[in-house]
Each structure stands twice: as structure tokens, then as C-alpha cells.
Asker: 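First, the structure itself, so that you have it in front of you.
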Amino acid sequence: MKMKTIKKARKISSPLISGIMGELTPVEKAQTAVKMRLAAKLGDLIKQQGWSKGDFADHVGKHPSEITKWLSGTHNFTTDTLSEIAVALGVTVDVFFASERIEVTHKEHLVIGTRTKGPAVGTWTLGLITKVSGNTSEIKRS
Amino acid sequence: MNFEIIEIEELSGRAATIYTVLLSGSEQTVFDNFLEENKERFKNEIKFIVNRLYEIGHRVGAREGFFKPNEGKPGDGVCALYDLPDSKLRLYCIRYGNVAIILGGGGEKPKSMRAWQESEKLSEETSRMIQVSEAITARLKSGDIEWSRDGSALEGDLNFGEDEDY
């Protein structure tokens, strides 16, 4: 049987792109990420409602060009605008930040014992196992 | 036009594959040329564009709303990346759903300019992407290239020759 060879595109690394990315400050990265993720989330929510962009514009009382701007991932949303959108969609504002929120999935307690043969002297919460975007972080014990 | 479709390592990620065009005889890709041409004069815009493309590739995908549609011929996927509201820089690309884009070049587009046809540079960049789109469509139709099983990558012969009939 003849095996089909799959030929993929050649991958290249661009020092120019790496250089530009290296110039981005953590704040610039975060600002762009937030704008784009909010736009993506808004697009998903509109779709979930089964609405077109025009339908949503009607519900939120805006011109469709304003919705285009909101979905472009370049818009700097105010909390007031997010509130308007949330009401129109019948959701709470925190929905927009759901994937960004650090969710506490488990609390771990550590029993601290004495060095003698005596009983344990107390229980403290050592830390929280957190889940951020699907990645479970590890608690380091010293 | 002889060219090759190249994947950009820094920008491609789990959310979208990001390609660009390497013209035959050129050492730099069309997208790198665009960065080189504009990085001094439009420094902040260039940083914002690269940052956005990274997010598209690694997190949010090539959402329809991120691109200004219908910059080429009807149905050819040629579009422009939306930039900051006061930006005068335009980057052209071809969008294939949420999962892949091919970056082209672009240039300055003042707000007073209504259409890319008014600028020689923008006309050249758009026409190139229209040609690239036509070439890819022809090869997808002929089966010389196809989408990967997960639909996120182009596979097959991604070198295109001048004598081909698109």
C-alpha cells in the first residue's frame, strides 16, 4: 500500500517579528489581549443568542457600525458599555471575564506537626490550587 | 508571480495558523517587508498589529469581526486587519474561517482615502493578495493542496509558479 506523504508549509522564524514582540511591554500585551478576548466573548454570546449583528444592534440600541467596532478587538470597553451589553444579552458582566478569572478549585490544608512526639499543633491553609485557563498550577512546598 | 506559502513560527499557535507569502527571488517574506517598511514611521501601529496577530494565533483565533471584509473580489477572502481607530496603516490578508490567515503587505491609508484603488502601493498589495487567493483556490479545486484533517493547515504543494493558470 502506498503511503501518502503529507507536505506542510515550510515554517520560518522571523527575527524582525521576535524583535517587535520583545519591545512589547507587559501592559501593552495585556491591553491587547483583554480587548481581543472581550470582543471574542461578545461575538460568542451574540451567536449563542442566535442573533445577527443587526439583531444585537437593535437589542442594545446602537448603530450596527458601533457593533462592528466592538467586535473588531480594538475597542476600549468602559464598564458602562459592558453593563449595557450584559443587560441586552441577559447575562452578568462577570461573564466577560469568566475565562480570565482565577477559579479556586480546591483548598489544601497542611497539618503542621511538632518535632517532638506530641500531637499536631494546628492546621493552616497552605495555599490554593488554582486553575487558570485550564492549567492547574502547582503548589511548591519548601 | 512565483511564490511560496510560508508559516510564521512566532505567530502561529493552537488557535490559528498564520502564513505569509515569500516571493521568488526575495529573501524576506511579504509580511516582513511590511514590518520593515513601516516600523520606524508607524512604530506603535506595528507593535499593535504584531501583538494582535500573536493573540489571534495563540488565543482567540481569526474571528470574523477582527477583519474588514471584501477588500478583494467577492468571495476570495481578501480582507484587512482592523487596527486602532486612529491608525493610518493597513495590512491585507486572506482569511480562511477562524483557523488560518495568510498575511500580505500593506501601507499607509490616510482617513481621507476612501478606497485602496486610490493608492498605487495599496493597489499593488491588494492585487497581489487577490492573485494569491486565486492561486490557492485553483489548487484546492484541483486537489494539489488541501486542508489538514483538523482543518487548520494547508497541505500539499505550496510553491506556485508564474505559468500557472489561476
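First the proteins, then the strands, lettered A, B, ... as listed; each starts at 1. Scope of the values below: all heavy atoms of this structure, side chains included, with no hydrogens, waters or symmetry mates.
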Asker: Just say parallel, tilted or perpendicular for the rings of A:Phe77 and A:Trp70, cut-offs at 30° and 60°.
Answerer: tilted
Asker: Name all pairs fulfilling the side-chain hydrogen bond (donor to acceptor under 3.5 Å, both in side chains) condition that reach into residues 11-20 of chain B, sequence neighbours left out, sorted by first residue then second.
Answerer: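 Sorted pair list: B:Glu7-B:Ser12.
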Asker: Quick check on the interface: out of A:Lys35, A:Arg10, A:His75, A:Met21, who has the most heavy-atom pairs with chain B under 4.5 Å?
Answerer: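 The answer is A:Arg10.
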Asker: Do B:Tyr82 and B:Tyr96 sit in one hydrophobic cluster, given that two such residues count as connected whenever their side-chain heavy atoms are within less than 4.5 Å of each other, even indirectly?
Answerer: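 The answer is no; the residues belong to distinct hydrophobic clusters.
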Asker: Say whether A:Ser65 and A:Thr68, considering side chains only, have a donor N or O and an acceptor N or O under 3.5 Å apart.
Answerer: no
Asker: Please flag which part of B:Ile8 lies under 4.5 Å from any non-hydrogen atom of chain A: side chain, backbone, both or neither.
Answerer: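 Both parts, backbone and side chain.
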Asker: Can you sort out the partners of B:Asp150 under side chain to side chain contact (heavy atoms under 4.5 Å, CB included), two or more places apart, ordered by chain and number?
Answerer: B:Ser148, B:Ser152
Asker: So which bits of residues 62-73 of chain B come within less than 4.5 Å of chain A, counting non-hydrogen atoms only?
Answerer: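 From residues 62-73 of chain B, the residues near chain A are B:Arg63, B:Gly65, B:Phe66.
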Asker: Name the option with the most non-hydrogen atom pairs under 4.5 Å to chain A; the candidates are B:Leu158, B:Leu35, B:Ile56.
Answerer: B:Leu35
Asker: Name the region of B:Leu81, side chain, backbone, both or neither, that has any atom closer than 4.5 Å to a heavy atom of chain A.
Answerer: neither
Asker: Anything in residues 46-58 of chain A with a heavy-atom distance to chain B below 4.5 Å? Please list those residues in order.
Answerer: none
Asker: For B:Leu11, is it the side chain, the backbone, both or neither that has a heavy atom under 4.5 Å from a heavy atom of chain A?
Answerer: side chain
